Amino acid sequence: MIVPISRIKDHVGKEATIRGWMYNKRSSGKIHFLQLRDGSGMIQAIVCANDVPSEVFEKGEKLTIESACSVTGNITKHPKFDDVFELQAKDIQIHHLNTEEYPISKKDHGPDFLLNNRHLWLRSSRQWAIQRVRNTIINATYEYLYNEGFIKIDSPILTPNACEGTTELFEINYFDEGKAYLSQSGQLYIEAAIFSVGRCFDFGPVFRAEKSKTRRHLTEFWMMDAEAAFVEHEENLKIQENLVSHIVKKVLETNLKDLTVLERDIEPLKKIVPPFIRMTHKEAVKELRSMGSDIKENHDLGGDDETILTKKYDKPIFVEKYPAEVKAFYMKRDPENETRVLCADLLAPEGYGEIIGGSQREDNYDVLLKRIKDHKLPVAAFEWYLDLRKYGSVPHSGFGYGLERLTGWICGLQHIRETIPFPRMISRLTP
Ligand code: 4AD
Ligand code: MG
């Protein structure tokens with residue numbers, strides 16, 4: 001019977017077949033130790049010359065790294081470790097024997113080599129673990145948002161206008177319609193949808209022609225935008241804080257083994273519970289300057305600022321109420337100080353920095369029209385968006401997270417390029 005490795009503990013003392021690939025091998029004369037993986041887990045198969053027919057032992061001898069095979073035998077518990085199982089091989093079937101040496105070995109390869117071989121690198125145990133954590137984050141997001149009454153609404157990728165600023169747009173020629181742009185965020189569209197369904201979210205690839213070569217930037221990444229009618233600034237932060245806490249909790253419940261593969265210290269993750277830390281942009285600037293940053297009063301936080309600030313606290317930080325001039329046109333001004341907006345960036349601890357950007361939206365037609373003009377955006381392209389403030393306008397808020405930033409932080413990675421199956425960066429488009 002073919003059994004997934006993840007279910008193997010229910011088969012102790014019985015015979016089972018593991019079908020997959022040989023990850024690694026150690027041999028000592030009359031014994032082969034085959035490390036097998038099948039996508040759901042990893043198990044060691046022991047092939048003893050004394051216990052199997054000689055042709056089976058020879059198949060074990062012949063198997064090369066990443067060859068595809070099935071191994072059948074009795075499942076036993078590891079003599080020393082709980083929750084570790086072994087397969088005492090009786091038979092081996094080779095599905096595909098690799099005759100060329102597998103390009104990725106145990107030795108240290110540089111990042112470029114690994115990225116060039118991303119299609120193969122994905123099989124290695126760290127990359128496998130990262131994808132499993134990413135998957136849990138996606139699932140936990142759906143779960144939390146459904147429970148809070150949000151439904152999924154898909155936003156378009158081909159768009160006639162910018163959402164987040166015109167300097168980072170990928171432009172394409174769109175038949176007779178002229179220029180179209182790849183979406184930077186589905187926000188404006190799910191804002192339209194809340195007037196139909198109340199609360200909704202999208203989740204899909206977005207594109208930024210950003211010339212940033214940092215460990216936090218990709219040109220294609222996955223964003224989840226959530227939006228809700230009648231939600232104002234304070235409640236917007238509560239939703240984000242509970243969502244992020246739920247995600248981290250789910251990963252700790254589901255992916256402990258993966259986090260071990262990644263050598264992720266889980267103590268910092270256990271501290272991710274509400275309430276998160278809150279400070280205004282003004283307070284953040286003051287604190288940063290006292291820590292040696294040369295940030296100016298009305299400037300955005302730089303990557304280094306986010307790093308030093310978030311190393312100081314062990315919980316995520318909401319930095320609220322940025323100066324209006326460094327934020328997007330759609331953000332509502334703070335009634336207590338018109339130079340500031342009702343926004344917050346959520347910064348992840350341990351030096352990771354921004355994972356979420358969100359705000360309350362401007363809901364007044366005239367004010368929004370003025371903002372669009374002030375930002376020198378083409379009014380015609382935003383007419384449909386302005387309509388939302390003409391018919392049944394209500395206070396509303398939303399936010400967007402970057403899946404790769406979130407995954408990078410939770411997995412404890414140096415660079416977010418490892419969190420997406422096929423990263424796209426300024427100088428990387430293949431494989
Ligand atoms: O802060 P951003 O630009 O916000 C928006 O796009 C809003 N429209 C979202 C909303 O309110 N619905 O992007 C949101 C998040 C960032 O906090 C960051 O996590 C991620 O997207 N992000 C990137 N991730 C990887 N590479 C990049 N180049 C990114 N740019 C933003
Ligand atoms: Mg942002």
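We count ligands from 1, going down the list as the structure has it; atoms in each ligand are counted the same way. Computed from a prediction, not measured in an experiment: that's the story for all the values here.
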S.K.: Considering only heavy atoms, does Ile416 approach ligand 1 within less than 4.0 Å through its side chain, its backbone, both, or neither?
M.R.: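 Side chain only; the backbone of Ile416 stays clear of ligand 1.
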S.K.: Could you name the option among Gln184, Arg208, Arg424 that has the heavy atom nearest to atom 2 (P) of ligand 1?
M.R.: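 The option holding the nearest heavy atom is Arg208.
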S.K.: Looking at ligand 1, would Phe207 count as a contact under a 4.0 Å heavy-atom criterion?
M.R.: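 No, Phe207 has no heavy atom closer than 4.0 Å to ligand 1.
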S.K.: Would you indicate which of Glu404, Gln187, Arg216 comes nearest to atom 25 (C) of ligand 1 when only heavy atoms are counted?
M.R.: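 Closest candidate by heavy-atom distance is Arg216.
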S.K.: Counting C-beta onward and ignoring hydrogens, is there a side-chain heavy-atom pair between Arg123 and Leu120 closer than 4.5 Å?
M.R.: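 Arg123 vs Leu120: side chains touch.
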S.K.: Tell me, do Lys312 and Ile308 make a side-chain contact under 4.5 Å, heavy atoms counted?
M.R.: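 In short, these two side chains do not touch, never coming nearer than 4.5 Å.
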S.K.: Between Glu354 and the Mg ion (ligand 2), is there a contact where an N/O/S atom of the residue lies under 2.8 Å from the metal?
M.R.: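 An N, O or S atom of Glu354 is closer than 2.8 Å to the Mg ion (ligand 2), so yes.
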S.K.: Taking only Lys NZ, Arg NE, NH1 and NH2, and the carboxylate oxygens of Asp or Glu, determine whether Glu227 and Arg199 approach each other closer than 4.0 Å.
M.R.: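 No, no charged N to carboxylate O under 4.0 Å.
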S.K.: Measure from the ring center of Phe207 to the ring center of Tyr181 and say whether it is less than 6.0 Å.
M.R.: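 No; Tyr181 has its ring centre 6.0 Å or more from that of Phe207.
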S.K.: So is Leu218 polar-close to ligand 1, meaning N/O to N/O under 3.5 Å?
M.R.: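 For ligand 1, there is an N or O atom that lies under 3.5 Å from one belonging to Leu218.
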S.K.: Is Lys315 positioned over the aromatic face of Phe276, cation under 6.0 angstrom from the ring centre and no more than 45 degrees off axis?
M.R.: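 Not flagged: Lys315 not positioned over aromatic ring of Phe276.
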S.K.: Looking at the rings of Tyr23 and Trp128, which for Trp means the six-membered one, are their centres under 6.0 Å apart?
M.R.: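 No: the rings miss the under 6.0 Å criterion.
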S.K.: Can you tell me how far apart CZ (Phe422) and CZ (Arg118) are? Round to the nearest 0.5 Å.
M.R.: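 Reported to 0.5 Å precision, the distance equals 7.5 Å.
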S.K.: Take every heavy atom of Leu188, measure it against each atom of ligand 1, and state whether any distance is under 4.0 Å.
M.R.: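 The answer is no: ligand 1 sits nowhere under 4.0 Å from a heavy atom of Leu188.
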S.K.: Ignoring hydrogens, just give me the one of Glu354, Lys327, Glu168, Glu164 whose non-hydrogen atom is nearest atom 5 (C) of ligand 1.
M.R.: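 The residue whose heavy atom sits nearest atom 5 (C) of ligand 1 is Glu164.
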S.K.: Can you tell which of Tyr352, Phe399, Phe221 gets a heavy atom nearest to atom 30 (N) of ligand 1?
M.R.: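 Nearest option to atom 30 (N) of ligand 1, by heavy atoms: Phe221.
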